[in-house]
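Throughout, a chain's letter reflects where its sequence line sits, starting with A, and its residues are numbered from 1. Source: prediction; values computed, not measured.
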2 protein chains.
Amino acid sequence: MRTPASRRGKGSNPSALSQQVITDAAQRILDEEGHESLSMRRLARSLSITPMALYHHVRDKDELLILLLAKKAQSYPRPELPEEPRERLVAASQLLYDLLSEAAFLSEILTSPDLLAVAVSWITDSITEAAAACGLRPEDATKAQQLIWRYTAGELLALQSRRRLKQGTSKRPSSAIAEASAEKHPRITSMSARWPDLIAQNTHRRGLENIVDGILAAHRRDAHLPSG
Amino acid sequence: MRTPASRRGKGSNPSALSQQVITDAAQRILDEEGHESLSMRRLARSLSITPMALYHHVRDKDELLILLLAKKAQSYPRPELPEEPRERLVAASQLLYDLLSEAAFLSEILTSPDLLAVAVSWITDSITEAAAACGLRPEDATKAQQLIWRYTAGELLALQSRRRLKQGTSKRPSSAIAEASAEKHPRITSMSARWPDLIAQNTHRRGLENIVDGILAAHRRDAHLPSG
DNA sequence: ACCTGAACACCGTTCAAGT
DNA sequence: ACCTGAACACCGTTCAAGT
């Protein structure tokens, strides 16, 4: 009983399934149909194979996504970073944000920050290095990197919801929520009116600089106090 | 509010279904089985009703989750905040983090920050107010609140993954990822060895203070430059 | 070793109908 | 108005078997 699976076209060898082929196909789905469409089953269909065939090359969906991110990180342009340490710290952090904003599927794996961080480590390493060059001890430099990483994660979530808002996939506040929460605070009413404009803005860069300066100021304080 | 705390006989009267009854049952599932177990179907089963009966009282699952959060926010203890503006800003921000860390299902709705923010607006309002009391103009105070909110979101993601790590639901880095990413950076190897200790720490408070001070310093700079 | 077929154990949500 | 039954259109993943 021979399965008449339609030829995979394009490829010369139908049995040429590999991690490379899989991630390429996944990226194509991401680009053409959006990250909501990327499922193991959909991916298998696009390769004319059984979903289970995928599991011979990737452990699970999370691994696939991280792999996708790692590939993007690898091929990402690596600009020369500024000489001046503080500028370098800001630039490397900005780079992290820019790269990750291109990975729309990110929210699904954002809860695995450690795995994620490994995938983009050439950038997070630069951040740590730059922090160290600003005078922070290795330990504090790593903490600084972590702080920036977490802020970046929060900004990326916000970016994602802004995008969905544009797409029109978002939801209206729904009276139930307003009712359940708008009881004891009069202020919100006036503030929420301005909200749409405010959340529409990309405030990442400004925030980043505030944070970097906050870190460096704290360092200078700590460095001066013990000796004086 | 016309809920006279009446009959909710466990299965005796199926017509006693209401938003109150639904959210109570959902909270029970959350508490007893964890947020992964909370689904519309599971919830319906626990109430001995059809999944679709739920949709007469909540629009969809997201609304249910936000409702759950709004309830928690409402019943959360409201401590007296410090008089001193900077201290108040820090304290209110810490409060936001503390409250949200108790909502383990949060990551599912973290991508709707605007809806979320309405649910906990009594805290976010305090943050904005405190920032204004520090001298920021209303617009800048709102931006400060936004910055803090986003950092908090990032910290909460990190917290969540730390919890999963403890639970043992986490994944080992998997050679494929290491292979795909650890090619061009030698530094990562030495750093990732220290990682487990570092990510295990709760660095939120320290980071928060850095950020608050960064914001206030930027404000002082901006306020002084134009006049002098 | 690599892949298939079938199944397991689920999801959120829509629709038409019942009371 | 409130609820059910059945279906739609999916998920990720395991298992045993085939080549």
Side-chain angles (χ1 to χ4, degrees), chain A residues 1-8 11 13-22 25-26 29-30 33-68 105 107-109 111-112 164 169-171 174 176, chain B residues 2-3 6-9 11-22 25-26 29 33-68 105 107-109 111-112 164 169-171 174 176:
Chain A
M1 209 158 62
R2 165 179 320 227
T3 42
S6 44
R7 286 274 144 159
R8 257 189 298 290
N13 187 359
S15 60
L17 193 59
S18 67
Q19 218 169 66
Q20 179 74 254
V21 172
I22 290 173
I29 292 175
L30 245 27
E33 301 173 41
H35 76 280
E36 308 88 355
S37 301
L38 180 59
S39 71
M40 297 304 263
R41 293 175 115 106
R42 173 77 192 79
L43 177 55
R45 219 183 309 137
S46 89
L47 287 164
S48 305
I49 52 158
T50 296
M52 277 317 298
L54 298 169
Y55 288 84
H56 273 268
H57 298 91
V58 293
R59 185 167 57 189
D60 53 22
K61 198 188 176 184
D62 273 17
E63 178 170 295
L64 174 66
L65 293 178
I66 303 250
L67 232 34
L68 245 26
F105 56 89
S107 62
E108 289 183 57
I109 45 172
T111 26
S112 315
R164 284 193 313 177
T169 326
S170 64
K171 283 151 195 164
S174 115
Chain B
R2 61 274 198 224
T3 330
S6 52
R7 49 213 316 221
R8 77 188 70 143
S12 57
N13 189 0
S15 60
L17 194 59
S18 67
Q19 216 169 67
Q20 180 75 255
V21 172
I22 289 174
I29 292 175
E33 302 173 42
H35 75 279
E36 308 88 354
S37 301
L38 181 59
S39 70
M40 297 304 264
R41 294 175 114 105
R42 173 78 191 77
L43 177 55
R45 220 183 309 137
S46 88
L47 287 165
S48 306
I49 52 156
T50 295
M52 276 318 298
L54 298 169
Y55 288 85
H56 272 269
H57 298 91
V58 293
R59 185 168 58 188
D60 53 22
K61 198 189 176 183
D62 273 17
E63 177 169 295
L64 174 65
L65 293 178
I66 302 249
L67 232 33
L68 245 27
F105 57 88
S107 62
E108 288 184 57
I109 44 172
T111 26
S112 315
R164 283 192 315 175
T169 326
S170 65
K171 281 151 194 165
S174 116

Under the side-chain contact (heavy atoms from CB on, under 4.5 Å) criterion, do B:Leu64 and B:Leu54 qualify, and how do the steps go? CA-CA 10 Å; B:Leu64 174 65; B:Leu54 298 169; over 6 Å; no

Taking it one step at a time, do A:Met40 and A:Val58 satisfy side-chain contact (heavy atoms from CB on, under 4.5 Å)? CA-CA 11 Å; A:Met40 297 304 263; A:Val58 293; 4.1 Å; yes

For nucleotides 5-12 of chain D, give me one character per nucleotide, 5' to 3': B if any protein heavy atom sits under 4.0 Å from the base, S if the only such contacts are to the sugar-phosphate, - if neither. B-B---BB

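Taking atom CD on B:Gln19 and atom C1' on D:dC2, their separation rounds to 15 Å, with Å as the unit. Taking atom CD of residue A:Glu63 and atom C1' of nucleotide D:dT13, one finds them 15 Å apart after rounding to whole Å.
Counting only heavy atoms from C-beta outward, the side chains of B:Ile22 and B:Leu67 never approach each other to under 4.5 Å. By the 4.5 Å heavy-atom criterion applied to side chains, A:Glu63 and A:Ile66 are not counted as neighbours.
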Intra- and interstrand pairs of DNA chain D - dot-bracket, Watson-Crick/G-U under 3.5 Å, | marks other strand: ||.|||||...|||||.||

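Of all the heavy atoms in A:Pro51 and A:Arg41, the pair that sits closest is CG-CG, 4.1 Å.
Look at the C1' atom in both D:dT14 and C:dC3: the space between them is 15 Å, to the nearest Å. Using P as the reference atom, D:dC8 and C:dA9 are 23 Å apart when rounded to the nearest Å.
Of the possible polar contacts, none joining the A:Thr50 side chain to the A:Ala53 backbone as a donor-acceptor pair under 3.5 Å is found.
A donor and an acceptor atom sit less than 3.5 Å apart, one in the side chain of B:His56 and one in the base of D:dC3.
The side-chain contact (heavy atoms from CB on, under 4.5 Å) test applied to B:Ala25 returns B:Arg28, B:Leu43, B:Ser46, B:Leu47, not counting sequence neighbours. Listed by chain and number, the residues in a side-chain hydrogen bond (donor to acceptor under 3.5 Å, both in side chains) with B:Arg42 are B:Glu33 (sequence neighbours excluded).
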